[in-house]
Amino acid sequence: MRKPLIAGNWKLHKTIREAVELAGELKRDLAGFTGADLLVCPPFIDLVPVAEELSGSSIALGAQDLFWEDSGAFTGAVSGPMLKEAGCSYVIVGHSERRAYFGDTDDVVNKKLNAAISSALTPILCVGESLEKREQKVTKEFLRKQLGADIRGIGAELISRIVVAYEPIWAIGTGRTASPQMAGETHHFIRELFAEHYDASIAANLRILYGGSVKPDNARVLIAEEDIDGFLIGGASLKADSFVKIARYSIM
Ligand code: PEP
């Protein structure tokens, strides 16, 4: 049985004061909520104050990225051990915005995945096709290639520590959501890819989140799909009310 994971990606939003305020609201409104695992991923600078605010709650903390080296002359970078000490248990890797604006190739994503696992962080590996690929009807071929490159060389004993987020690029921040059926089918395909690369039990236990304009009014129909195990939420995670509603709808 896969427990849902409801994760908020705050992207480049929230100053320290705003982040602590939102974390406080979530802590209050989701006190005692046990039906799903909960996670927020604020900007780096907010991590420590948000960790302090969330202390005593069941809401986990994650970062939005990491560098693959632990330390060294890498100006501006933040490493896995640093995130761990800051209170993170998760880290997003390979988000399409990192791939598009910061040049994260599949090779880079692969190194970051390995670094996250070595630091005992749970990576949330984001994969997803562009509108062009979807329209060309080559989504499966694209995902097979992207995922294969991202997880290359990661053995079965380590791969069970990751979470995958399927995020069709055309659905991120656009208000366009994949239909439940389209998302469900693609999640099923991703699960099959893990069965091919590893085995049926790893595939069956893998949590696959959906991301792309998830809102309170589409959460219920999406989570009803058998292979959708939770959400990675951007815009709707920036307000306590919508994040809390999505969390609650995900267990009904
Ligand atoms: C995301 O940031 O991963 C995301 C899916 O954003 P949004 O929910 O705003 O589409």
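One-based numbering, in listed order, for ligands and for the atoms of each.
Under a 4.0 Å N-O distance rule, the pair K245/D241 qualifies as a salt bridge. Taking 4.0 Å as the cut-off between side-chain N and carboxylate O, K14 and D46 do not count as a salt-bridged pair.
Checking each of R152, R99, K145 against D106 for a salt bridge (charged side-chain N to carboxylate O under 4.0 Å, His left out) leaves exactly one that passes, namely R99. Applying the side-chain hydrogen bond (donor to acceptor under 3.5 Å, both in side chains) test between D229 and each of K3, R191, H187 identifies R191 as the sole match. Residue F231 is tested with L209, N9, I6, N218 for a side chain to side chain contact (heavy atoms under 4.5 Å, CB included); the sole match is I6.
Using a 4.0 Å cut-off to heavy atoms of G235, the atoms of ligand 1 that qualify are 7 (P), 8 (O), 9 (O). Residue-ligand proximity, G173 to ligand 1, at heavy-atom distances under 4.0 Å covers atoms 7 (P), 9 (O), 10 (O). Within ligand 1, the atoms closer than 4.0 Å to a non-hydrogen atom of G212 are 5 (C), 10 (O), numbered from 1 in the order shown.
Ranking protein heavy atoms by distance to atom 3 (O) of ligand 1, first place goes to E167 OE2, 2.6 Å. Counting protein heavy atoms only, atom 1 (C) of ligand 1 is closest to H95 NE2, 3.3 Å. Nearest to atom 2 (O) of ligand 1 among the protein's heavy atoms is K11 CE, 2.6 Å.
Ligand 1 does not have E97 within reach: every non-hydrogen atom of the residue lies 4.0 Å or more from it. Contact analysis puts A171 in contact with ligand 1, with a non-hydrogen atom separation below 4.0 angstrom. Ligand 1 is never approached by A236 to a heavy-atom distance shorter than 4.0 Å.
When atom types are taken as modelled, the side chain of K84 and the backbone of A120 share a donor-acceptor pair closer than 3.5 angstrom.
Looking at heavy atoms from C-beta onward, L125 lies in side-chain contact with L147 at the 4.5 angstrom threshold. A 4.5 Å side-chain heavy-atom check between F33 and R248 finds at least one atom pair inside the cut-off.
Checked against a 3.5 angstrom limit, the closest N/O atoms of G234 and ligand 1 fall inside it.
With a 4.0 Å heavy-atom cut-off, ligand 1 is reached by the backbone of I172 and by its side chain too.
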